[in-house]
Amino acid sequence: MNETGRLPLLEGVLAAVDLGIIVLDGARRVVLWNQWMSRHSGTAAATVLGQDFATLFPELRGRRVDAAITQALEHNFPSLLSQTLNRSPFALFANAAAAQREERLQQALAVTPLAVDGAPRHCMIEIHDVSIAVGRENLLRQQALELRSQSFSDGLTGVANRRHFDVAIDKELRRAKRNGSALSLLMIDIDHFKNFNDHYGHQRGDECLVRVASALSGMLQRAADLIARYGGEEFVLILPDTNAEQAAHMAEALRARIIALHIPHAASGVELKQVTVSIGLATRTLEHPAEAQELIGAADRALYDAKRGGRNRVATQAPA
């Protein structure tokens with residue numbers, strides 16, 4: 001094939017490829033701008049040919065793309081620019097002709113030095129649309145986060161689940177040991193909840209659990225505080241940097257908050273005939289340096305004391 005036949009073939013290839021191609025000469029003037037670039041930039045080749053690259057794209061001066069062009073033209077060194085560090089450097093859109101353009105295409109770039117038949121060095125900028133791949137990656141990341149959230153959240157109440165609690169109590173215990181700080185634990189149980197379920201039905205029982213969990217979590221003021229569903233009608237609250245006196249005040253506030261919900265409980269064994277909670281409290285201090293199971297055991301024994309004492313009350317035990 002002679003030179004006359006090769007030129008139309010080359011032009012056809014450049015028009016057919018599904019990526020943007022810009023070729024710059026040694027003075028950084030645009031000598032090639034393919035149809036893909038025209039379509040996604042909204043700028044025809046006739047407008048940009050012969051123009052200085054920096055004049056066309058002043059926002060790219062001093063950026064990674066600019067440095068890659070210098071490396072190609074002056075040092076014959078190719079570069080690959082991922083979308084992670086060089087997100088959407090060119091103003092390219094899926095539909096550049098639209099009156100209101102969408103977000104820019106996500107782009108991956110390759111900058112390659114060109115030297116043909118002794119001609120002065122040129123460089124080629126290849127622009128790949130990676131929007132679909134990025135969108136898929138973001139979706140997978142979001143799904144992974146949702147799965148992680150689900151694995152650490154109680155499906156009914158939305159608060160942390162037992163697994164989340166086990167991880168959190170170990171972390172906070174290590175921090176308390178490291179800092180020499182207090183760590184309090186509250187075990188919270190809905191009084192006579194089996195009677196509630198038997199009297200009102202399991203659907204109303206689930207609604208009660210959701211309301212109680214929401215009220216308890218709404219009382220938390222600090223990001224480090226954690227409320228978790230420990231099992232059935234039992235919840236547990238981790239209070240880092242909280243001594244026994246502060247935790248007792250918090251426990252009484254939580255007990256009063258549940259009373260303020262005024263959830264009827266005709267089968268309750270307490271005088272109020274509404275949903276109440278009993279709370280057991282234990283605090284780890286330098287004087288009582290308990291491990292996780294010892295702290296949980298002390299709070300559980302305190303909860304038993306609160307129930308045995310008539311329910312709808314707070315009881316405290318020091319870790320053994």
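Treat the numbers as computed from the prediction; the structure is a model and nothing was measured. Any value given below was found using the heavy atoms of this structure, including those in side chains, with hydrogens, waters and symmetry copies removed.
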Kindly say whether [Y] contributes a backbone atom to a donor-acceptor pair with the side chain of [X] at under 3.5 angstrom?
X	Y	value
K273	S268	yes
H192	N195	no
Y304	G280	no
E252	H249	no
R301	A299	no
S184	T283	no
Q71	S79	no
S88	L105	yes
H265	V275	no
R39	G42	no

Can you check whether [X] reaches [Y] side chain to side chain, under 4.5 Å on heavy atoms?
X	Y	value
E233	D189	yes
L220	L237	yes
T242	R222	yes
N312	I259	yes

Q. Would you call D198 and K194 a salt bridge, taking side-chain N to carboxylate O under 4.0 Å as the test?
A. yes
Q) Checking side-chain hydrogen bond (donor to acceptor under 3.5 Å, both in side chains) for the pair D191/S278: CA distance, chi angles, key distance, verdict? A) CA-CA 6 Å; D191 295 323; S278 298; 2.6 Å; yes
(Q) Between S181 and D241, is there a side-chain donor-acceptor contact under 3.5 Å, judged purely by atom types and distance? (A) yes
Q: For the residue pair F57 and F53, categorise the inter-ring angle as parallel (less than 30°), tilted (30 to 60°) or perpendicular (more than 60°).
A: tilted
Q) T70 and R28: side-chain hydrogen bond (donor to acceptor under 3.5 Å, both in side chains), yes or no, with the steps? A) CA-CA 9 Å; T70 299; R28 299 191 178 214; 2.3 Å; yes
Q.
Within 45 degrees of the ring normal and closer than 6.0 Å to the centroid, is that where the cationic atom of R162 sits relative to Y230?
A. yes
